[in-house]
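Scroll down for the structure; my scribbles are underneath it.
Since the model is a prediction, treat every value here as computed from it, not as a measurement. We name chains A, B, ... by the order of the sequence lines, and we start the count at 1 in each one.
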Amino acid sequence: MTLPLPTTPTHSHVRSLYDRLYATYGPQHWWPGDGPFDVIVGAILTQNTNWTNVEKALAKLRNANICSFKTIHGMDRNYLADLIRPSGYFNQKARKLHEFAVLVENDFNGDLDQLLDLPMDDLRTILLGIWGIGEETADDIVLYAAHKPSFVIDKYTRRIIDRLGWRPRGVRYRDYQLMFTEQLPSDAALFNEYHALLDEHASTVCRPTPRCNQCCLQDICVARTDAPSHGGKGQCP
DNA sequence: TACCAGGTGACTG
DNA sequence: CAGTCACATGGT
């Protein structure tokens with residue numbers, strides 16, 4: 001009996017993972033109709049926070065008619081923090097939103113599109129220079145607001161990859177990202193859907209305590225509950 | 001009750 | 001460079 005051994009995934013593995021998730025969950029429509037302002041604010045507010053909490057904060061911003069970074073740039077920081085309170089870390093996130101607004105106002109003449117129209121690598125580098133924007137949030141913005149093909153790696157993506165036995169050599173963001181970008185065409189629509197599917201799978205099935213009996217990947221996963229070298233918890237060594 | 005949720009920056013050894 | 005901690009609310 002041969003078990004699936006932890007390996008570096010090939011093009012075929014990476015593509016097949018996408019196909020299975022898409023066949024199981026269908027299109028996810030992540031951030032489809034929202035404009036760049038809502039996407040960027042959502043990307044910052046969702047840091048280490050449940051999306052339902054973010055929706056409460058977004059509703060309060062909308063209700064207060066906060067719809068542009070120009071408005072955020074000029075508003076009272078404590079008031080902004082109070083509006084986004086339900087998303088957690090509200091003082092830090094208010095600062096992050098404000099620092100983003102300062103960049104748009106000072107370096108891009110208040111024109112958000114001028115920032116988002118930059119070449120992908122330039123855009124990503126500038127975003128990473130903003131206090132509070134790390135690699136995942138930068139890629140969220142590049143992919144879902146600017147529609148440029150930067151693959152997003154989050155906690156969910158890492159959990160699925162680790163359990164499949166595909167954990168890369170390093171544990172850095174870049175190590176996980178290269179697994180996908182080296183095996184896929186540079187296609188923003190594909191990256192968009194792929195990341196959304198990974199998150200759907202991780203939040204509903206490949207949870208901290210995995211529901212392997214409902215999993216569409218059982219036959220290729222080394223952490224499945226009947227895998228002899230792992231217990232029933234689905235945790236990777 | 002603890003744990004979990006679409007992270008990041010500051011600090012330490 | 002790898003660990004550890006603060007940041008904070010709301011759902012299960």
From the list [options], which nucleotide is the closest neighbour of the side chain of [X]?
| X | options | answer |
| --- | --- | --- |
| Asn91(A) | dA5(B), dA10(B), dA8(C) | dA8(C) |
| Gln92(A) | dC7(C), dT9(C), dA5(B) | dC7(C) |
| Gln47(A) | dT8(B), dG11(C), dC4(B) | dT8(B) |

Side-chain N or O of [X] closer than 4.0 Å to phosphate OP1/OP2 of [N]:
| X | N | value |
| --- | --- | --- |
| Asn50(A) | dT9(C) | no |
| Arg85(A) | dC7(C) | no |
| Lys96(A) | dG9(B) | no |
| Trp51(A) | dG11(C) | no |
| Thr49(A) | dG10(C) | no |

Which part of the nucleic acid does [X] contact within heavy-atom distance under 4.0 Å: base, sugar-phosphate only, or nothing?
| X | result |
| --- | --- |
| Trp30(A) | base |
| Ile133(A) | sugar-phosphate |
| Glu136(A) | sugar-phosphate |

Rounding to an integer number of Å, can you tell me how far [X] [atom1] sits from [N] [atom2]?
| X | N | atom1 | atom2 | value |
| --- | --- | --- | --- | --- |
| Asn78(A) | dA8(C) | CG | P | 12 Å |
| Lys93(A) | dT8(B) | NZ | P | 11 Å |
| Lys60(A) | dT9(C) | NZ | C1' | 11 Å |
| Leu97(A) | dG7(B) | CG | P | 16 Å |
| Tyr89(A) | dG10(C) | OH | P | 13 Å |
| Arg174(A) | dC1(C) | CZ | P | 9 Å |
| Asn48(A) | dG10(C) | CG | P | 15 Å |
| Arg207(A) | dC3(B) | CZ | P | 16 Å |

Note: Gln47(A) and Lys93(A) closest approach over all heavy atoms is O-NZ, 3.2 Å
Quiz prompt | Presence of salt bridge, Arg124(A) and Asp121(A), under 4.0 angstrom | solution =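 Not counted as a salt bridge, because no side-chain N and carboxylate O are separated by less than 4.0 Å.
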Interatomic distance, CZ@Phe100(A) vs CG@Leu112(A), rounded to 0.5 Å, equals 6.0 Å
Notebook entry, point to check: Using the P atom in both, what is the distance from dA10(B) to dA8(C), to the nearest Å?
Noted result: 14 Å
Next on the checklist: Taking the P atom in each of dC3(B) and dC5(C), what is the distance between them to the nearest angstrom?
Outcome noted: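 Straight-line distance between the two P atoms is 14 Å.
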*Would you mind telling me which residue lines up with the more 5' stretch of DNA chain B, Ile130(A) or His195(A), judged by nearest nucleotide?*
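Going by which nucleotide is closer to the 5' end, it is His195(A).
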Quick one, [X] and [Y] - any side-chain contact, counting heavy atoms below 4.5 Å?
| X | Y | answer |
| --- | --- | --- |
| Phe191(A) | Val152(A) | no |
| Arg62(A) | Cys67(A) | yes |
| Phe180(A) | Ile153(A) | yes |

